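Owing to the predicted nature of the structure, the values given are computational and were not obtained by experimental measurement.
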Amino acid sequence: MKRQAYQPILITDASRSQDDQLTSRQRRYVVMMGIRVACVIVGSILVGTRAPMLWLWLPLVALGSVVIPWLAVLLANDRPPKEQHRLANRFSARSATEAAPPPMSLAAEERPHKIIDAEP
């Protein structure tokens with residue numbers, strides 16, 4: 001049987017908290033909706049001033065005003081991906097004898113031994 005080296009679990013491997021994820025999604029949503037408001041304002045200014053090449057700018061602004069809110073909602077509701085090998089572990093053909101112990105467990109030989117003195 002192979003011995004697996006002791007591998008500590010690093011805090012950098014921990015996922016972000018739910019509050020941090022929610023805050024970043026809210027910021028992204030507000031920024032994207034701000035861009036949408038800017039598109040609507042620019043479109044109204046272009047129409048009001050009868051800018052040259054209005055036929056080019058107006059569809060671009062309209063596209064930004066329609067597509068950006070759709071993307072903002074999709075990205076605001078998106079969560080980070082789940083564990084990378086979640087399905088790979090489910091379908092792997094490992095037997096019970098090959099199952100590795102959890103990363104924090106030590107073999108019996110590696111555990112520190114307690115020395116007990118017989119005299120007080």
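In this structure, the separation between CG on Leu60 and CG on Leu46 is 10.0 Å, given to the nearest 0.5 Å. Atom CZ of Arg36 is separated from atom CH2 of Trp70 by 15.0 Å, given to the nearest 0.5 angstrom.
The hydrophobic cluster containing Val42 also contains Leu58, counting ILVMFWY residues as joined when their side-chain heavy atoms lie under 4.5 angstrom apart, directly or transitively. Taking hydrophobic clusters as Ile, Leu, Val, Met, Phe, Trp and Tyr residues chained together by side-chain heavy-atom distances below 4.5 Å, Val66 does not share a cluster with Leu74. In the hydrophobic cluster analysis, where Ile, Leu, Val, Met, Phe, Trp and Tyr join through side-chain heavy atoms closer than 4.5 angstrom, Val67 is grouped apart from Val61.
Here the side chain of Arg28 pairs a donor or acceptor atom with the backbone of Leu75 at under 3.5 angstrom. With Asn77 contributing its side chain and Val73 its backbone, the two residues share a donor-acceptor pair below 3.5 Å.
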- Task: Evaluate side chain to side chain donor-acceptor pair (under 3.5 Å) for Thr23 paired with Asp20, printing each intermediate quantity in order.
- Result: CA-CA 5 Å; Thr23 303; Asp20 289 342; 5.4 Å; no

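Across all non-hydrogen atoms, the minimal contact from Val47 to Leu54 is N-CD1, 4.3 Å. When every heavy atom of Cys39 is checked against every heavy atom of Ser65, the shortest pair comes out as CB-OG, 3.6 Å.
At a threshold of 4.5 Å between non-hydrogen side-chain atoms, the residues Arg25 and Tyr29 do not count as touching. For the pair Val30/Arg27, no side-chain contact is recorded, criterion being any heavy-atom separation below 4.5 Å from C-beta on.
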